[in-house]
Amino acid sequence: MFGASGGAALYRREMLEEIGPYCEDFEAYLEDVDLAWRAQRAGWQCRYAPDAVVRHVTSATAIEGSAYKLARLGRNKVWSVARNARRRDLPVIAFYDAAAVLYTLLRRGDTASLRARL
């Protein structure tokens, strides 16, 4: 498991003191991915609690598919990779992300994802 969704996670105080809290620059979306990535690099593990029940309203911060949400997701993907990825993984990540942006352009004609990455 890579990491927990920020809307359904409990963190050890020791972990947060060691690696720091959520990066406020992310504002919304993928700040939990950044935190999970930093935690993994520091040797922390995420555990799954199959009996836990979480009710999470998706897209409460921004409307699903809105330019705002797509822009934050695009920007924060780039930031998360830049802050955390190993150099050897960058070509694969870049290829996958370029394919996702191309799909969004062709499927929806939406340029928000591309603009956010640039």
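What you see below is based on every heavy atom in this structure, not just the backbone, and it leaves out hydrogens, waters and symmetry mates. The shown structure was predicted, so the numbers you read here are calculated from the model rather than taken from an experiment. Numbering starts at 1 and runs along the sequence shown.
With no hydrogens or angles considered, no side-chain donor-acceptor pair links Trp44 and Glu14 at under 3.5 Å. Side-chain contact, Tyr68 with Tyr29: no donor N or O sits under 3.5 Å from an acceptor N or O. A donor-acceptor pair shorter than 3.5 Å can be found between the side chains of Thr111 and Arg115.
In this structure, the side chains of Leu35 and Leu16 come closer than 4.5 Å at one or more pairs of heavy atoms. Using a 4.5 Å cut-off on side-chain heavy atoms (C-beta onward), Tyr22 and Asp34 make no contact.
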Under the side-chain contact (heavy atoms from CB on, under 4.5 Å) criterion, do Trp37 and Phe2 qualify, and how do the steps go?
CA-CA 8 Å; Trp37 214 331; Phe2 183 79; 3.8 Å; yes

Take Arg86 and Asp89 through the side-chain contact (heavy atoms from CB on, under 4.5 Å) test and state the conclusion after the steps.
CA-CA 5 Å; Arg86 296 177 301 194; Asp89 294 333; 2.9 Å; yes

Please report the C-alpha distance between Ser80 and Asn84 in whole Å, then the side-chain angles of each, then the deciding distance to 0.1 Å, and finally whether the side-chain contact (heavy atoms from CB on, under 4.5 Å) criterion is met.
CA-CA 6 Å; Ser80 185; Asn84 298 292; 3.9 Å; yes

side-chain contact (heavy atoms from CB on, under 4.5 Å) between Arg75 and Glu27, intermediate numbers included:
CA-CA 11 Å; Arg75 179 195 70 183; Glu27 184 182 342; 4.0 Å; yes

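Note that Arg83 lies outside the cation-pi zone of Trp79, set by a 6.0 Å cut-off to the ring centre and a 45° limit from the axis.
Although no hydrogens or angles enter the test, the distance criterion places no donor-acceptor pair under 3.5 Å between the side chain of Arg107 and the main chain of Leu102. Without hydrogens or angle criteria, Arg38 side chain to Ile19 main chain gives a donor-acceptor distance under 3.5 Å. The backbone N or O of Lys69 lies less than 3.5 Å from a partner atom in the side chain of Ser66, making a donor-acceptor pair. A donor-acceptor contact shorter than 3.5 Å is absent between the side chain of Asp32 and the backbone of Gly7.
The two residues Ala36 and Gly3 make their nearest non-hydrogen contact at CB-CA, 3.7 Å. When every heavy atom of Ala4 is checked against every heavy atom of Cys46, the shortest pair comes out as N-SG, 3.6 Å. Of all non-hydrogen atoms in Ala39 and Met15, the two that sit nearest each other are CB-SD, 3.6 Å. The two residues Leu73 and Leu30 come nearest to each other via the heavy atoms O-CD1, 3.8 Å.
Of the inter-residue distances, the one linking Ser5 atom OG with His56 atom NE2 reads 5.0 Å to the nearest 0.5 angstrom. We find the NZ-CZ distance between Lys77 and Arg72 to be 14.5 Å, quoted to the nearest 0.5 Å. Annotation: the span from Arg108 atom CZ to Leu106 atom CG amounts to 12.0 Å, rounded to 0.5 Å.
Counting heavy atoms of neighbouring residues, nucleotides and ligands inside a 6.0 Å radius, atom CD of Glu17 exceeds 12 of them.
Checking Asn76, Leu90, Asp97, Val33 one by one against Val81, the side chain to side chain contact (heavy atoms under 4.5 Å, CB included) holds for a single residue, Leu90.
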